[in-house]
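See structure below.
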2 protein chains.
Amino acid sequence: MHTPDIGSFIKDLRENAKISLRQLAEQAGVSNAYISQIERGLRKPSAEVLASIAGALRVSTPAMYLRAGLLGKEDTHGVIAAIAADPELTLAQKQSLTQIYETFRRENARDTDRDDAGAAESAVEEDYQ
Amino acid sequence: MHTPDIGSFIKDLRENAKISLRQLAEQAGVSNAYISQIERGLRKPSAEVLASIAGALRVSTPAMYLRAGLLGKEDTHGVIAAIAADPELTLAQKQSLTQIYETFRRENARDTDRDDAGAAESAVEEDYQ
DNA sequence: GCATATTGCTAACAAGAGTTAGCAGGGTCA
DNA sequence: TGACCCTGCTAACTCTTGTTAGCAATATGC
């Protein structure tokens, strides 16, 4: 339950986005040397820097914090509930998003093949709006 | 648009809980001198310390981060945060879902562009705890 | 009165985040 | 073969976080 190497996570994201160390550094507003040290696990970035890097890599701040161990999974709620509660989405959009989400989860369940206790499985399925 | 005094927020919470500086320090696992400096705005605590203080004062970590300016309102109570925190989605899926969500919101903003709807936002959020 | 805690605060230090300047190595184009 | 540019990395420095030790002031009890 510790920080599982935030550095290589960032490095993976950066290489996936096909940008250089210096490009990421500039977009995040920090020095390239520092990014290098972070990726190699030599330095531990602050929350502010983490948020900047997250923004530069198109990842949400909570996702980055979660990965860095600054937030726990229990600190946020379920996706479906959040979609349903969002006042800025139309009903059709809620249905679309929810279906995509369910599709993703089914894909993952098929890939990983071993079952995982489907606790919240059937509880929330039709409670939009 | 910066941190609106996290120190007095912590001090208010502490005094409301009727505990001393040293008691809070011990429960949060930091020194009493440091808490004193934080409350008076002389030092800026790290995210880790902020989370410890939040725990000691029975406030949720996101609520504390929000107050400290480490998270935006859109990060804390929303679809994006829920997606980010979902352990059953891959990173690529999170990015896809988030982008779709933001596309939806942009569409809506374009459609309803006639008036700004006055942003009915409250100053204090106690959604967490 | 005189001790003894407990309050919050300050000074000086140690540790780590983040900086600038510069390094070797690998393209690319003349 | 240059000269150039971009890649990632290192060294040395600055500044801030968080520490321990100790301060004066307000209780509280004897």
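Both backbone and side-chain heavy atoms feed into the values below; hydrogens, waters and symmetry mates do not. Protein chains get the first letters and strands the later ones, always in sequence-line order, with residue 1 at the start of each. Here the structure is a predicted model, which is why all the values come from computation and not from measurement.
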Looking at the side chain of L21(B), which of dT19(C), dC9(C), dT19(D) is the nearest nucleotide?
dC9(C)
Nearest-Å distance for atom pair CD/C1', residues Q37(B) and dT10(C)
8 Å
Find the distance E15(A):CD to dT7(D):C1' and express it as a whole number of Å.
12 Å
Kindly say whether, by distance alone, the side chain of R43(B) makes a donor-acceptor pair under 3.5 Å with the base of dG18(D)?
yes
Atom CD1 of I35(A) to atom P of dC9(D): distance rounded to whole Å?
12 Å
Note: for P45(B) and N32(A) on DNA chain D, the residue whose nearest nucleotide lies more 5' is N32(A)
List the atom of S46(B), the atom of Y34(B), and the distance in Å for their closest heavy-atom pair.
N-OH, 4.4 Å
What is the separation between atom CD on E48(A) and atom P on dT19(C), rounded to the nearest whole Å?
12 Å
Using whole Å, report how far CD1 of I38(A) lies from C1' of dC9(D).
14 Å
In whole angstrom, what separates E39(A)'s CD from dT7(D)'s P?
13 Å
Can you tell me if Y65(A) uses its side chain to pair, donor with acceptor, with the backbone of A47(B) under 3.5 Å?
no
Under a 4.0 Å threshold between the charged nitrogen and the carboxylate oxygen, would E102(B) count as salt-bridged to R58(A)?
no
Round to a whole Å and report the spacing from CG of L50(A) to C1' of dG18(C).
14 Å
Contact class for S31(B) vs. all strands (heavy atom < 4.0 Å): base, sugar-phosphate, or nothing?
base
Identify which nucleotide among dT10(D), dC9(C), dT7(D) has an atom closest to any side-chain atom of Q23(A), counting heavy atoms from C-beta outward.
dT7(D)
Separation of atom CG in L24(B) from atom C1' in dG8(C), rounded to whole Å
13 Å
Any side-chain to backbone donor/acceptor pair from R14(B) onto I19(B)? Under 3.5 Å, distance only.
yes
Is there a side-chain contact between S36(B) and the phosphate of dT10(C), meaning an N or O under 4.0 Å from OP1 or OP2?
no
Taking 4.0 Å as the cut-off, does a side-chain nitrogen or oxygen of R22(A) come that near to OP1 or OP2 on dC9(D)?
no
Report the nucleotide, chosen from dT10(D), dG18(D), dT10(C), that has the shortest atom-to-atom distance to any side-chain atom of A33(A).
dT10(D)
Atom CD of Q23(B) with >12 non-hydrogen neighbours under 6.0 angstrom
yes
Classify the nucleic acid contact of R40(B) as base, sugar-phosphate or nothing, counting any heavy atom under 4.0 Å across all strands shown.
sugar-phosphate
